[in-house]
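Report on one structure; see the data block that follows.
Protein chains get the first letters and strands the later ones, always in sequence-line order, with residue 1 at the start of each. Worth knowing before you read on, the calculation uses all heavy atoms, side chains too, and leaves out hydrogens, waters and symmetry mates. Here the structure is a predicted model, which means the values were calculated and not measured.
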Amino acid sequence: MRDRYEPGAFEQIWRNRWLEHDLFVTREDPTREKFYGLDFFPYPSGAGLSVGHCRNYIPTDVICRAKYMQGYNVLHPMGFDAFGLPAENEAIKRKSHPGPMIDQYAANYQRQMELIGISYDWSRSFKSSDPEYYKWTQWIFKLLYERGLAYRSNAEVNWCPKDKTALANEEVVGGLCERCGTPVEKRAIPQWFFKITDYAQRLIDDLDDVDWPEGIKNQQRNWIGRSEGVEFTMRVVFDSELEVGHPDDLVVVADQSDPRFKVFTTRIDTIFGMTFCVLAPEHPLVATIKKRVDNDRVAEIEAYQAKAKTLSEMDRQADNREKTGVNTGAYAVNPANGKRVPIFIADYVMMGYGTGAIMAVPAHDQRDFDFAVKFGLDVVPIYRPDESFLKANDTDEGTYLSDPKAFPEVFTTKDGTLVNSGEYSGMSFEEGSAKMTEWIVALGIGEQKVNYKLRDWLISRQRYWGCPIPVVYDKDGNAELVSDNLLPVELPEVDNYEPSDDGSSPLSRIPEFLNVTTQDGMLGRRETDTLGGFACSSWYFLRFADPHNESQPWNQEKADYWMPVDCYVGGAEHAVMHLLYARFWTKVLFDAGLVKVKEPFQRLMNQGQVLGQTPYRQPKDDEVLGVGEEGILLSFEEAAQLPEDEVTWRWVRMSKSKGNVVTPDEAVANYGADALRIYELFVAPFEQSVNWNNEGMQGASRFLSRVFRLASEIAPKWNDAWKLSIEHEPADGKSKEIRRATHQFIRKATEDIDRFAFNTYISSAMTFVNTITDILKQVPNPTESERLALSEALESLIKCLSPAAPHSADEIWQSLEEPGFVYQLDWPKFNADLAAEDTITIAIQVNGKLRDTLQMPAGSSNEDVEAQALASDKAQSFIDGKTIRKVIVVPGKLVNIVAN
RNA sequence: GCCCGGGUGGCGGAAUGGUAGACGCAGCGGACUUAAAAUCCGUUGUCCUUAGGACGUGCGGGUUCGAGUCCCGCCCCGGGCACCA
């Protein structure tokens, strides 16, 4: 029998056998419970997998293998998110076609996943670009449309000039394209949207029912951005309507046709402090205002509107940007006190949120304050600030109230008392806002309202490589769904599919695709935009339940059986995109009665990133660093040539572009698949990022060698029928120690795998191997009882380690001349009595400091323990000359003697 | 600015309010070897000359018989959001 870990000699053999025996084909035994373990749907990049990707797949594999051995039916599938921009961009760069290219890349991914021994059921695999799959993506699109959740609109959208397509809000980060970093432009193009905003509240509420990291839940809540407030209407008046000579008079010429506008505020309590209003430059009321103010104003307004339109998202969001705006010359009437206040347009108010208009309260809002200072507007305080504000600004109430503009800090908290607020003066925030809300609702000009930052999901892309949208337009441009029997609308094979700058899809240049007949036989035109990749990945987890169904997206019974995903594992970077979209689709499908779950992913886990050491240097004089760059990236060759002090090494996420990738191919070739698996599990807690180093794999490999050596030493004493007689042999001396270590290990391994504590799972295996190795040295000629205990120890080690090191487990199992695969054996059960220690070390503290330890039989009485502790010479030397005030005994742990 | 994470030996990390540093890496000493690698045995928080002791989980307070762990106030690092009314 092999006495060391020699992966080259057996790992590939076992992988082949697993495949030959269809070991990982999903078991659907109705008498068993199910477990659905899933990894995020990967886009198969041409660079292949790095050891960073493996950090996702290995832990899920451990869970799934352990669950299978624990008796569950396990669904552990893998497929590929093949449609979308990354694939298409890569194909364009390589002047190839994305279809065959992605097949090749996916095959490479599969090869690498098999290389590291992941137990996927490949018979269920598919790509989102398979017509058999996207037929049903289109079917679900239709479902959304029929339920009023898909619509076409000519809204201003985020356009990436490099990718030449519109992007969803979630794909724009800080005004840049999330994928390529190009500044995003505004363009008005007719686009398809999904009405995810209808589900905003449910998407918040149901987060309470899933077992996800709090951070991710929070990110989703923030992204959805619920805020409660009041929406109310204000009248607009113009100079011409005011009685001449009484410019500030409250008497306004009655005019029922006064234009009105609505504002949304979360601080209705500050309404008496409103000194102006602001409309977004795109607000429809501006057109009305332009008709009623003089020409100079109109020119100014239009100039500002034009400027706002050309301003990129980047510029508009720039840090600490000075406020800009234009006075429209119109006034709003504050319903609280009847005062008229000027209406401005300014780009710090956005059309897309709330009503696109605000009441401005400069005394208690930083943005409004900045604007008021810049434009010389009144700042009327309506809160007496609390003590801490006055103290921080070294002032008193009177000084503040007489001139709040003189203070650099704006009082924005809710900890003051209302003043200058008519009958509400003297009230707190809580009381004031409640009463004012009541009043404004009673007046009939406003209502309580909830707003969400979440926008509808822009889903059309002006690109070739995506799922075609199953819509046809008649000659009048009316949309009509493609009927089910004509699905899928197949993506045509073409040679030239490059995107264009004009916002049209490449499909619009293919007459055979474009021209169709409508359902009534008239000439029609196909929708030529395709669905963004996130649509395809919003339901794939359902398809895995029934992947080859030709007549339905899934058989309902099967989906009901397997859903929800019990454990979903992937990177935290998808916190708001994929996870929000998939939840939305699941809820829609739930509403349509097609699935039984409201949430698709019961438990979510995010693995930490793997960072590779990456060389950088300082920029030279003529070099400019891009946004967020910390230096000029070097290749490893360049770094080797530069003097040491000119190179800065940083830990950066592994990526092809950084040149810092370690592939599983290299790792397996140099150290072995099981060593890679053990190392990735052991190196750090699952969620934490890791600085990669190859020496760690050396350690993992050494550990596996110790496992083989231990197994080879036990092998001659191996008794595979140990289970039958072990309970009849008295466990004493060494055999008791062996059994104790065994059952402690089984317990730790079982619990740690369940709680994703893979690092301590592996360390407990190391401790166990060390312990048994030590004991084995002490029993060169083991008794029958010891032989049985050693056999139990070895079998438990093989089984409990097999999810982490499956090749080695099978290799050792076979060397013991045992049949079958470890994967098909039952997971051992731990026995708490056997795991219990019979001698316990008690710590003796004096005044909380450790002074001595004590060996006591387990279960000793508190009195005995206390008496022994007080008898300790070492403890006594610290008590000497003091009076014992108290003795605290923690059973099985310690004794603390309090003396002074 | 706001919302999450996180600060423990030379390094990765372990520790239901109860003996801080499990397990591993690296280091050091030794065995084996002509030698090296591999492997094995021992050792390794800091300080005090040792027995032994003092100090030690980012900083400052607090609660407790007892705090890495709980509470209050900071500092630093990582991530997310951000003119959202």
- prompt: Taking the side chain of S763(A) as its heavy atoms from C-beta onward, which of rA38(B), rC23(B), rA85(B) lies nearest to it?
  reply: rC23(B)
message: Considering every strand and a 4.0 Å limit on heavy-atom distances, what is the contact class for K323(A): base, sugar-phosphate, or nothing?
response: base
field: Minimum-distance nucleotide to W223(A) side chain [options: rC65(B), rA82(B), rG53(B)]
entry: rA82(B)
message: Is it the case that over 12 heavy atoms from other parts of the model lie below 6.0 angstrom from the CZ atom of R4(A)?
response: no
- line: note: R4(A), atom CZ; rC40(B), atom P; distance rounded to Å ~ 10 Å
task: Mark yes or no for whether H364(A), through its side chain, and F411(A), through its backbone, hold a donor-acceptor pair below 3.5 Å.
output: yes
query: Can you tell me if NZ on K217(A) sees more than 12 non-hydrogen neighbours from other groups inside 6.0 Å?
result: yes
statement: Per atom distances to the L850(A) side chain, the nearest of rC55(B), rC25(B), rA20(B) is rA20(B)
query: Tell me, do M234(A) and C277(A) make a side-chain contact under 4.5 Å, heavy atoms counted?
result: yes
query: Atom CD of Q609(A) to atom C1' of rG80(B): distance rounded to whole Å?
result: 13 Å
statement: Between NZ of K882(A) and P of rC65(B) the distance, given in whole Å, is 17 Å
query: Within this structure, what is the CG-to-P distance between L580(A) and rG80(B), rounded to whole angstrom?
result: 17 Å
Using atom names, set out every protein N or O paired with an N or O of nucleotides 11-15 of chain B below 3.5 Å, distance rounded to 0.1 Å.
residue	atom	partner	partner atom	Å
rG12(B)	O2'	V683(A)	O	2.5
rG13(B)	OP1	Q688(A)	NE2	2.1
rG13(B)	O5'	Q688(A)	NE2	3.4
rG13(B)	O3'	N759(A)	ND2	3.4
rA14(B)	OP1	N759(A)	ND2	2.9

R702(A) vs rA26(B): side-chain N/O to OP1/OP2 distance below 4.0 Å: yes
statement: The nucleotide from rA85(B), rA54(B), rC83(B) with an atom nearest the side chain of D347(A) is rC83(B)
Below 3.5 Å between N/O atoms, which protein atoms pair up with nucleotides 66-69 of chain B? Just atom names and distances, please.
none

query: If you check the N222(A) side chain, which of rC65(B), rC3(B), rA85(B) turns out closest?
result: rC3(B)
field: Per R706(A) side chain, nearest of listed nucleotides rG24(B), rA54(B), rC65(B)
entry: rG24(B)
- line: Winner on side-chain proximity to K453(A), out of rC55(B), rC81(B), rC83(B), is rC81(B)
- prompt: Would you say a side-chain N or O of K874(A) is under 4.0 Å from OP1 or OP2 of rG52(B)?
  reply: no
message: Heavy atoms from C-beta onward define the side chain here; which of rC83(B), rA26(B), rC23(B) lies closest to that of N770(A)?
response: rC23(B)
- line: When rounded to whole Å, the CD1 to C1' distance for the pair I224(A) and rG80(B) reads 15 Å
query: Can R583(A) be said to sit on top of W212(A)'s aromatic six-ring, NZ or CZ under 6.0 Å from centre and within 45° of the ring axis?
result: yes
Side-chain touch V157(A)/K186(A), heavy atoms, less than 4.5 angstrom: no
query: Tell me: CD1 of I345(A) to P of rA85(B), nearest whole Å?
result: 22 Å
message: Measuring from the side chain of V349(A) (C-beta onward, heavy atoms only), which nucleotide among rG24(B), rA54(B), rA85(B) has the closest atom?
response: rA85(B)
query: Quick one: CG on L676(A) to CG on N670(A), what's the gap to the nearest 0.5 Å?
result: 11.0 Å
field: Distance test, side-chain N/O of N218(A) to OP1/OP2 of rC2(B), below 4.0 Å
entry: no
- prompt: Side chains of I271(A) and P335(A): closer than 4.5 Å at any heavy-atom pair?
  reply: yes
message: Categorize F768(A) for me: base, sugar-phosphate, or nothing, with a 4.0 angstrom heavy-atom threshold over every strand shown.
response: nothing
- prompt: More than 12 heavy atoms of other residues, nucleotides or ligands under 6.0 Å from NZ of K374(A): is that the case?
  reply: yes
- prompt: In terms of the nearest nucleotide of RNA chain B, which residue is placed more toward the 5' end: E214(A) or S877(A)?
  reply: E214(A)
query: Quick one: which of rC81(B), rU19(B), rA85(B) gets closest to the side chain of V173(A)?
result: rC81(B)
field: NZ/NE/NH1/NH2 to OD/OE distance under 4.0 Å, D368(A) and R267(A)
entry: no
Integer-rounded Å distance: rG24(B) P and E680(A) CD: 20 Å
message: Given a 3.5 Å cut-off on both pairing distances, which stems involving RNA chain B, each at least three consecutive Watson-Crick or G-U pairs, are present, if any?
response: B:1-7 with B:75-81, B:10-12 with B:23-25, B:27-31 with B:39-43, B:45-48 with B:52-55, B:58-62 with B:70-74
task: Starting from the 5' end of RNA chain B, give me the residue, V576(A) or V890(A), whose nearest nucleotide shows up first.
output: V890(A)
- prompt: Would you find more than 12 non-hydrogen atoms of other residues, nucleotides or ligands less than 6.0 Å from Q448(A) atom CD?
  reply: no
T614(A) (side chain) donor-acceptor with G612(A) (main chain) under 3.5 angstrom: yes
field: Salt bridge present between E6(A) and R2(A) (N-O < 4.0 angstrom)
entry: yes
